[in-house]
Every structure is written in structure tokens, then in C-alpha cells.
Amino acid sequence: MINTNEILDTIHMIDQQHLDVRTITMGISLLDCAHPDPKAACQKIYDKITRKAERLVATGEAIEREFGIPIVNKRISVTPMALVAGASETDNYVPFAVAMDNAAKATGVNFIGGFSALVQKGATPADRKLISSIPEALAITDYVCSSVNVGSTRAGINMNAVGVMGRIIKECAERTADRGGFGCAKLVVFCNAVEDNPFMAGAFHGVGEPDCIINVGVSGPGVVHHALKEVKGMPFDVVAETIKKTAFRVTRMGQLVAQEASRRLGVPFGIVDLSLAPTPAIGDSVARILEEMGLETCGTHGTTAALALLNDAVKKGGVMASSHVGGLSGAFIPVSEDEGMIAAARSGTLHLDKLEAMTCVCSVGLDMIAVPGDTSASTLSAIIADEAAIGMVNSKTTAVRLIPAPGKVVGDTVEFGGLLGSAPVMPVHPEKSDAFIARGGRIPAPMQSLKN
């Protein structure tokens, strides 16, 4: 039974502590849209997305009004487009991205993800065509997001793909130089990508998913930060228990929204992703949670341990609140999207190597990080390889979303606005990794892949 105090607490969390449902994401399978004629395939893609998601935005807005719960984004994820476009007789997959973009505009969603390829063990001709189309596709579309999975614990790391993605990121930045390299903000390189992630830019609808499904991503760094103020100076056992209880309440709200959206849209409910997703707003920062645990500045010694505790407690609390937890579920540390991370990076306390260490114990990886515009493609590839290795060996999802900001140097700032915020340009090591990346081939899967 929900009592009056719990209702009032939730209202306070929404009103004062930035509690929200970050996204309702509708996953749509496009496998039945494959066609030898690319124009026919694009039309089928547009028609199916607009038919399935026709009421998505209106339903989300109605739930917001009736329940008083902010739902920040309504999004769509689709089958990795390389799997769909591969049936078409064409070398240019940009029209498929345009079809996705037009469908997103017609339905009124904020983003559409799935201009993606899965190449962890090798690339098909379709995968190669899609990857080569990414820079142009992201430059000429407004809402399309792209991802490429280059490694997994089971398959190892496809270093040929890693080398290519460094060059693709550079080209994305160059093609959107007038917008600070914004194309790179819509591109994620994964290891161990999951099929039910509702968060952009890495969302796609996996082949093991139903024809259509609703996934919800909740948030609430501000709520956790506020709760920890009540246990200042107390042992970490108390800190963990406080975070668990808070994550439980946040996830229950997400479960409510997911089930209601599923019912109204007549689409199966998939998962609640209980990741703590920050924003540039004051009081909505993962970094400030870590500092509330006793760190002077995020990035100093102790940060990785604090983040490990946070991530674990969030998962434990969320799992008790919903039988269908999935996606990534933990704590995100996107530099440009977190007010505290931005401040720590500007102060020089938080740097790329420390962020890499932090990704060993949290969700995803090196996210929304701006680096100097003259950073070489091989250096970008080497950063991807490092992060993929962490994911592969630890059997977790890791990813890289880097922005080599055109014309920018260390100390400059790249402004993206909205939820993407602003990114201080961070230094990379000047020593080269060219010969390492040039080897190509595949880094073999680790021993823990042999689980059968």
C-alpha cells in the first residue's frame, strides 16, 4: 500500500530534485522491410516506423499530464540498419538514414537510433557500406543516431573495425565542423552492445527482440544526491543502503510509466533501464554524488571506489523494484552532460586516464568527451581499443563517444546545448599509436568467454 508520505516524497523529488523519466523508447523491428529495391525498402521503413510510433509522443505527453511525472524524451530504436539495407542493391546507405530521419520528424520523437552495424567478429559487405555512410548520414540528418559494435567478450575485438572507426569519427567531426563536430555526438562505438538499450546515441532494436516493444529509461542523480545529504559522515554501509532505497523508488516510478505506456499503446513492455543519467542542470550530477561521499573534487583519488559503490547500489535497489530491468542500468558519466564532470574537467582534476579507470565500474564508458581537433584517427582508434578491452575482459558494456572538436585546443569549450551540454576540450597523450592500430586483425576473446 502506498501511503501519503510516499506520494508527497515523490512529488518533492520531481519538483525539487530533478527526478524524471529520461526516455520512453519504442523499439521497432525492420527486418520485414528488407527489399532488393532501395527506394522500396526506404518507403517500407518510413511506413512501418510512422505506423507503429504514430501515438508514441501523444501517449507520453498524456501520461506526463495525468501522473505529473516529467518524461523528457520520446525516442525510437530500430533494427541495426546494416541488417535491413543489406538486401538492397545499392552501395549508398545514406537514403536509409534519411528515411529514418523523416520518420522521426513525422512522429515527433527526439531521436531515432539504429543506423548501426554489429562487426565484433568481422564485417559483411553491408556492414562496410553502412559504416562508410555514417559521416554523411549524420551530417545531413537531424535526429538519426548511429552505433557500431566492434568487440565482445565472446568474440574478442575486431581491430580492423577499430581502425576504421577512428577515421569515421574524424570525418564526422569534419563534416559537422560548423556545429562543433556535432555529428560525433550521435555516434557510439561499443563493446558488448545490448539489444534493449533505450538511451541514445547507442540504442538499437536487437534481433532477439519482439516486433515492437516499449523500453523506459529513468534518471535521478539529484534524488540520490539529496538522499546522501541526510547520511553525511556515516559509514559506507549506510551510504549503500540509502542509495538502494532511493533507486528502488526511482525505478518503481519508471515501472509505472512503462506499464502505462505499454497498455495505452498496445505494445509489450520490455525493460526499465535504471541508469542515473545526468544533465547539465545544477543539482542533477553524478559527479556531485561522488563528492557528497567525501571527495573534494570528482576525479581525485577515491573516485573509482565511490563510483563502484554507487553503481552497485543502484542496480541492487532497481532490481528489487522491477522484474524487467535491462539496458545498461547503472551510472552514466558523460562529461558534457554532467555539470559536476564539466567543472572537474575544467579544474584539471578529471582527465581521460581517470575517466577510463572509472568506466571499469560503471555503465557504458568514455562518453561525450571533447578532444583537440587535431587528434589523429589512430589515437582515437587506440582510445576505442582501450575501452573495448575493458568491456571485453570484464564482460560488461563499454563504449566511446568522442568529439575531436574542429579547430579547438585543450582549454577551449564546445557548446552543444540542451541535454548534450558543453564539453571542455581535454588533452590526449601526444605519443603515437599508429603502428599498434595498423596491425589490424582481431584481439582474441579472453578465457572468460569459455563459459559453456
Side-chain angles (χ1 to χ4, degrees), residues 80-82 85 91-94 96-97 115-141 144-151 156-191 193 201-202 352 365-389 398-408 414 425-426 428-443:
M81 192 53 64
D91 290 328
N92 182 10
Y93 286 2
V94 173
F96 293 90
F115 195 71
S116 306
L118 310 177
V119 297
Q120 57 268 24
K121 204 169 184 178
T124 65
D127 293 325
R128 287 190 285 270
K129 291 175 187 177
L130 183 132
I131 290 171
S132 66
S133 300
I134 288 173
E136 182 180 354
L138 297 187
I140 68 171
T141 59
V144 172
C145 292
S146 180
S147 60
V148 178
N149 192 65
V150 299
I157 302 171
N158 181 349
M159 290 300 292
N160 293 324
V162 169
V164 169
M165 290 313 299
R167 297 192 292 273
I168 292 295
I169 290 170
K170 285 286 287 186
E171 190 175 345
C172 282
E174 291 162 2
R175 283 179 175 265
T176 55
D178 59 330
R179 290 168 280 167
F182 177 69
C184 299
K186 300 190 293 174
L187 173 60
V188 181
V189 185
F190 275 116
C191 177
L352 202 57
L366 298 172
D367 198 14
M368 286 302 292
I369 296 172
V371 296
D374 63 358
T375 303
S376 70
S378 61
T379 294
L380 298 174
S381 293
I383 294 171
I384 293 169
D386 281 344
E387 198 60 28
T398 53
V400 171
R401 188 160 45 149
L402 294 173
I403 301 99
K408 300 289 187 179
V414 187
V425 177
M426 302 177 71
V428 299
H429 291 292
E431 293 78 14
K432 298 183 183 300
S433 307
D434 301 39
F436 177 77
I437 297 301
R439 287 179 179 272
R442 185 150 56 95
I443 293 178

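This chain uses plain numbering: 1 for the first residue, then up along the sequence. Remember, predicted model here, so these are calculated numbers, not experimental data.
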Any side-chain heavy atom of Met159 sitting closer than 4.5 Å to one from Phe436? yes

Can you list the residues that meet the ring pair (Phe, Tyr, Trp, His ring centres under 6.0 Å) rule with Phe96, with sequence neighbours excluded? Tyr93

What's the spacing between Cys172 SG and Ile403 CD1 if we round to 0.5 Å? 11.0 Å

As an exercise, state the distance from OG1 of Thr176 to NZ of Lys186, rounded to the nearest 0.5 Å. 8.0 Å

Can you name the side chain to side chain donor-acceptor pair (under 3.5 Å) partners of Ser433, sequence neighbours left out? none

Contact list for residues 372-382, test salt bridge (Lys or Arg N to Asp or Glu O under 4.0 Å), sequence neighbours left out: none

Given side chains that start at C-beta, do those of Val148 and Ile168 come closer than 4.5 Å, heavy atoms only? no

Nearest heavy-atom contact between Ala137 and Ala97 is CB-CB, 3.6 Å

Who are the side chain to side chain contact (heavy atoms under 4.5 Å, CB included) partners of Ala389, not counting sequence neighbours? Ile157

Got a sec, which residues hit salt bridge (Lys or Arg N to Asp or Glu O under 4.0 Å) with Glu171, two or more places apart in sequence or on another chain? Arg175

Separation of Ile369 CD1 from Arg401 CZ (nearest 0.5 Å): 10.0 Å

For Gly441 versus Asn160, what's the shortest heavy-atom pair and its separation? N-OD1, 3.0 Å

Step by step, work out the side-chain contact (heavy atoms from CB on, under 4.5 Å) result for Asp91 and Lys129. CA-CA 6 Å; Asp91 290 328; Lys129 291 175 187 177; 3.2 Å; yes

Looking at CZ of Phe115 and CD1 of Ile134, how far apart are the two atoms once the value is rounded to the nearest 0.5 Å? 6.5 Å

When every non-hydrogen atom of Thr398 is compared with those of Ala388, the smallest separation belongs to OG1-CA, 4.0 Å

Just by modelled atom types, is the Gly156 backbone N or O under 3.5 Å from a matching donor or acceptor in the Arg442 side chain? no

Any sub-3.5 Å donor-acceptor pair from Asp127's side-chain atoms to Val119's backbone N or O? no

To the nearest 0.5 Å, what is the distance between CZ (Arg167) and OG (Ser376)? 11.5 Å

Can you list everything that forms a side chain to side chain contact (heavy atoms under 4.5 Å, CB included) with Asn92? Sequence neighbours excluded, please. Thr90, Val94, Pro95, Ser133

Gap between atom OG of Ser146 and atom CG of Leu138 - 0.5 Å precision: 5.0 Å

Quick one: are Thr379 and Lys432 in side-chain contact, heavy atoms under 4.5 Å? no

Leu352 and Met426 have their tightest heavy-atom pair at N-CE, 3.8 Å

Counting distance only, does the side-chain N/O of Lys170 pair as donor-acceptor with the main-chain N or O of Thr375 below 3.5 Å? yes

Do you know which two heavy atoms are closest between Ile384 and Gly166, and how far apart they sit? CD1-N, 4.4 Å

Just by modelled atom types, is the Ile437 backbone N or O under 3.5 Å from a matching donor or acceptor in the Ser378 side chain? no

Considering only heavy atoms from C-beta outward, does the side chain of Asn158 approach that of Gln120 to under 4.5 Å? no

Under the 3.5 angstrom rule, does the side chain of Ser147 hit a backbone N or O of Ser116 as a donor-acceptor pair? no

For Met165, which of Leu380, Val400, Leu402, Leu187 qualifies under side-chain contact (heavy atoms from CB on, under 4.5 Å)? Leu187

